[in-house]
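Note that ligands are numbered from 1 as they come in the structure, with each ligand's atoms numbered from 1 the same way.
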Amino acid sequence: MASKTILDADAVVRALQGAFARGAARAELLQIVASRLHAAGGPYTGVYLYMLHGDDLVLEIFEGRPTHHTRIRVGSGICGQAVAERRDINVPDVARADGYLACSLETKSELVVLIRRRDEILGQIDIDSDTTNGFDAAEEAAVRTVADALAVFL
Ligand code: SME
């Protein structure tokens, strides 16, 4: 039986497919992801699309609270660690995370899912949650489905 997730990943993928089919530009595709994930509610408090430009992650689109972390060096913060270690990072409690860069004092947990095309890392979907342990394995998998689809259309 499929696990129930807050995010309807298939609906987001369909929206991306539709936008891609009518020639949507990169910014619109990123906006669809940020808007749809944020609109899912629940743990999706802030959704940040950081794209890799050389050794920097650059914030291109977000929904939710603004952040002053608009450029993050690879290796820095949870976001930069994910790229340096080439892995998704799910932090159930940011108060216990080494190297965490705070965006808001309200944030309790964070999920970073890489946007990859084969071996190339294009960027990441970074989600802040005001809920501790905001993202279980099924929710993380749903975000990964969206990230993998986005990588195809970018
Ligand atoms: N918390 C992130 C920084 C990005 S903001 O949360 C949007 C980090 O530790 O890299």
Side-chain angles (χ1 to χ4, degrees), residues 5-9 11-13 15-16 19 24-117 119-151 153-154:
T5 56
I6 293 157
L7 179 68
D8 182 349
V12 185
V13 172
L16 286 171
R26 167 192 175 97
E28 190 182 338
L29 297 170
L30 298 182
Q31 185 64 59
I32 286 169
V33 171
S35 301
R36 294 273 185 144
L37 266 60
H38 185 250
Y44 294 84
T45 307
V47 182
Y48 308 87
L49 275 284
Y50 286 99
M51 303 308 287
L52 195 56
H53 295 259
D55 287 334
D56 285 337
L57 285 161
V58 177
L59 182 62
E60 294 196 11
I61 298 280
F62 73 95
E63 282 288 333
R65 284 189 201 109
T67 176
H68 60 273
H69 298 297
T70 54
R71 188 174 275 268
I72 299 173
R73 198 82 175 154
V74 169
S76 176
I78 307 299
C79 294
Q81 280 174 33
V83 176
E85 297 170 14
R86 305 184 67 83
R87 66 183 180 100
D88 299 340
I89 299 183
N90 191 343
V91 180
D93 180 358
V94 295
R96 295 165 175 271
D98 284 340
Y100 169 71
L101 298 172
C103 159
S104 159
L105 293 176
E106 305 299 314
T107 303
K108 301 289 191 294
S109 62
E110 178 165 10
L111 173 64
V112 176
V113 173
L114 295 175
I115 304 163
R116 306 171 184 250
R117 191 186 291 137
D119 284 346
E120 187 189 4
I121 296 173
L122 306 179
Q124 63 186 216
I125 303 174
D126 171 36
I127 309 161
D128 279 4
S129 180
D130 286 359
T131 311
T132 305
N133 204 3
F135 307 93
D136 64 13
E139 206 62 42
E140 184 177 335
V143 176
R144 194 171 305 116
T145 296
V146 171
D148 289 348
L150 179 62
F153 297 128
L154 284 177

*What pair of heavy atoms forms the shortest contact from Ile115 to Ala147, and how long is it?*
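Heavy atoms only, the tightest pair is CG2-O, 3.8 Å.
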
*Please report the shortest heavy-atom distance between Pro92 and Thr132, naming the atom on each side.*
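Shortest heavy-atom contact: O-CG2, 3.4 Å.
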
*Looking at the rings of Phe135 and Tyr44, which for Trp means the six-membered one, are their centres under 6.0 Å apart?*
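So the answer is yes for these two rings.
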
*asked:* One thing to verify: whether Asp128 and Arg65 come together as a salt bridge, which I'm taking to mean a side-chain N less than 4.0 angstrom from a carboxylate O.
replied: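 Salt bridge flag = no for Asp128 with Arg65.
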
_Where at least one partner belongs to residues 96-111, residue pairs that pass salt bridge (charged side-chain N to carboxylate O under 4.0 Å, His left out), sequence neighbours excluded_ =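 Salt bridge (charged side-chain N to carboxylate O under 4.0 Å, His left out) check on residues 96-111 returns Asp93-Arg96.
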
Tabulated below should be the N or O atoms of ligand 1 paired with protein N or O atoms at under 3.5 Å; can you produce that?
| residue | atom | partner | partner atom | Å |
| --- | --- | --- | --- | --- |
| ligand 1 | 1 (N) | Leu101 | O | 2.7 |
| ligand 1 | 1 (N) | Glu110 | OE1 | 2.9 |
| ligand 1 | 1 (N) | Glu110 | OE2 | 3.2 |
| ligand 1 | 6 (O) | Asp128 | OD1 | 3.4 |
| ligand 1 | 6 (O) | Asp128 | OD2 | 3.1 |
| ligand 1 | 9 (O) | Ile78 | N | 3.0 |
| ligand 1 | 9 (O) | Leu101 | N | 2.8 |
| ligand 1 | 10 (O) | Ile78 | N | 2.9 |
| ligand 1 | 10 (O) | Cys79 | N | 2.9 |

*asked:* Out of the candidates Leu37, Leu30, Leu29, only one should pair with Val33 under the side chain to side chain contact (heavy atoms under 4.5 Å, CB included) rule; please name it.
replied: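 By the side chain to side chain contact (heavy atoms under 4.5 Å, CB included) criterion, Val33 pairs with just one of Leu37, Leu30, Leu29: Leu37.
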
